[in-house]
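To start, the structure itself, in structure tokens.
Quick caveat: nothing in here was measured; it's all calculated off a predicted structure.
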Amino acid sequence: MALTTPNLKLVKPEITDKIDVSIANFAQNADKVDAEAKRLQDKTASLQSSLDKTKQDVSNLRSSLDKTNKDVTSLQGSLNTTNKYVATNKSEIASNKNNVAKNSNDIKQINQELGKVQADITALNTRAGNLDTAIKANKTSIAEFQTRLAAIEARLTALETPPEGGK
């Protein structure tokens, strides 16, 4: 009785088999081998197609990676520039903070000086009011003196003038 191979199940003739059975088995084995060869060729073609597609995908990925690397390099340049701007701005902010603090102190001093000036103005206004009152009082006194002086002058004139007809 004939045995079969473990993988393709080909018939292995035995020495005791008849020739016509062996030839029939040979034809059957040839068909199995041909079918398996066709299946392997189809699978090889499919694998080759997959390999070609994979190669194209790898090529596309390389191109994409090159572009991404260029973008990263560009972004690193932009980041370096941005970092320089940030450092410059930090420095300017620190300088501005110092200037604001100095200006705040200057404003406080100016406000203190303005308070003193306002107090001086108030004192001068009070003094000017007092002087105005004194000037008005002096004018009144002068007017009274002038009236009295005029009266005195009139009396003196009257005393100095001899009566009519007398010496």
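Atom OG1 of residue T126 and atom CD1 of residue I121 lie 11.5 Å apart, to the nearest 0.5 angstrom. Atom OG1 of T133 and atom CG of N138 lie 11.0 Å apart (nearest 0.5 Å). Separation of atoms CG (L149) and CG (L156) is listed at 9.0 Å; rounding is to 0.5 Å. Remark: L61 CG to T54 OG1 distance equals 10.5 Å, nearest 0.5 Å. Note that the CG atom of D71 and the CG atom of D66 stand 11.0 Å from one another [nearest 0.5 Å]. To the nearest 0.5 Å, the span separating OG1 on T147 from CD1 on I142 amounts to 11.5 Å.
Remark: the backbone N or O of K70 is not paired with any side-chain donor or acceptor of S74 at under 3.5 angstrom. Distance alone, capped at 3.5 Å, places no donor-acceptor pair between the S64 side chain and the N60 backbone. Between the side chain of S141 and the backbone N or O of A137, at least one donor-acceptor pair lies under 3.5 Å. Judged purely by atom type and a 3.5 angstrom limit, S46 has no side-chain atom pairing as donor or acceptor with the backbone of D42. Judged purely by atom type and a 3.5 angstrom limit, T122 uses its side chain to pair as donor or acceptor with the backbone of Q118.
Here the shortest heavy-atom pairing between L8 and E36 reads CD2-CG, 3.5 Å. Shortest non-hydrogen contact noted between N29 and L10 is OD1-CA, 3.2 Å. Nearest heavy-atom pair across L3 and E14 is CG-OE2, 3.8 Å. Minimum heavy-atom separation, K9 to K32: O-NZ, 2.6 Å.
Listed by chain and number, the hydrophobic cluster partners of F26 come to none, as no ILVMFWY side chain reaches under 4.5 Å of it. Taking a 4.5 Å side-chain heavy-atom cut-off between Ile, Leu, Val, Met, Phe, Trp and Tyr, the cluster of I110 extends to L114.
No side-chain heavy atom of K102 sits less than 4.5 Å from a side-chain heavy atom of N98.
In this structure D34 satisfies the salt bridge (Lys or Arg N to Asp or Glu O under 4.0 Å) test with no other residue, sequence neighbours excluded. In this structure R127 satisfies the salt bridge (Lys or Arg N to Asp or Glu O under 4.0 Å) test with no other residue, sequence neighbours excluded. K116 pairs by the salt bridge (Lys or Arg N to Asp or Glu O under 4.0 Å) definition with E113, not counting sequence neighbours.
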Pair Q48, D52 - check side-chain hydrogen bond (donor to acceptor under 3.5 Å, both in side chains), show working.
CA-CA 6 Å; Q48 185 62 47; D52 291 343; 3.0 Å; yes
What verdict does the side-chain hydrogen bond (donor to acceptor under 3.5 Å, both in side chains) test give for N80 and Q76, after you've listed the backbone C-alpha separation in whole Å, the side-chain angles of each residue and the deciding distance to 0.1 Å?
CA-CA 6 Å; N80 289 339; Q76 285 173 337; over 6 Å; no
Using salt bridge (Lys or Arg N to Asp or Glu O under 4.0 Å), reason through D132 and K136 one step at a time and then give a plain yes or no.
CA-CA 6 Å; D132 189 46; K136 286 179 184 175; 3.5 Å; yes
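Applying the salt bridge (charged side-chain N to carboxylate O under 4.0 Å, His left out) rule to pairs touching residues 72-97 yields nothing, sequence neighbours excluded.
Among V100, I107, D106, the one residue that satisfies the side chain to side chain contact (heavy atoms under 4.5 Å, CB included) test with S104 is V100.
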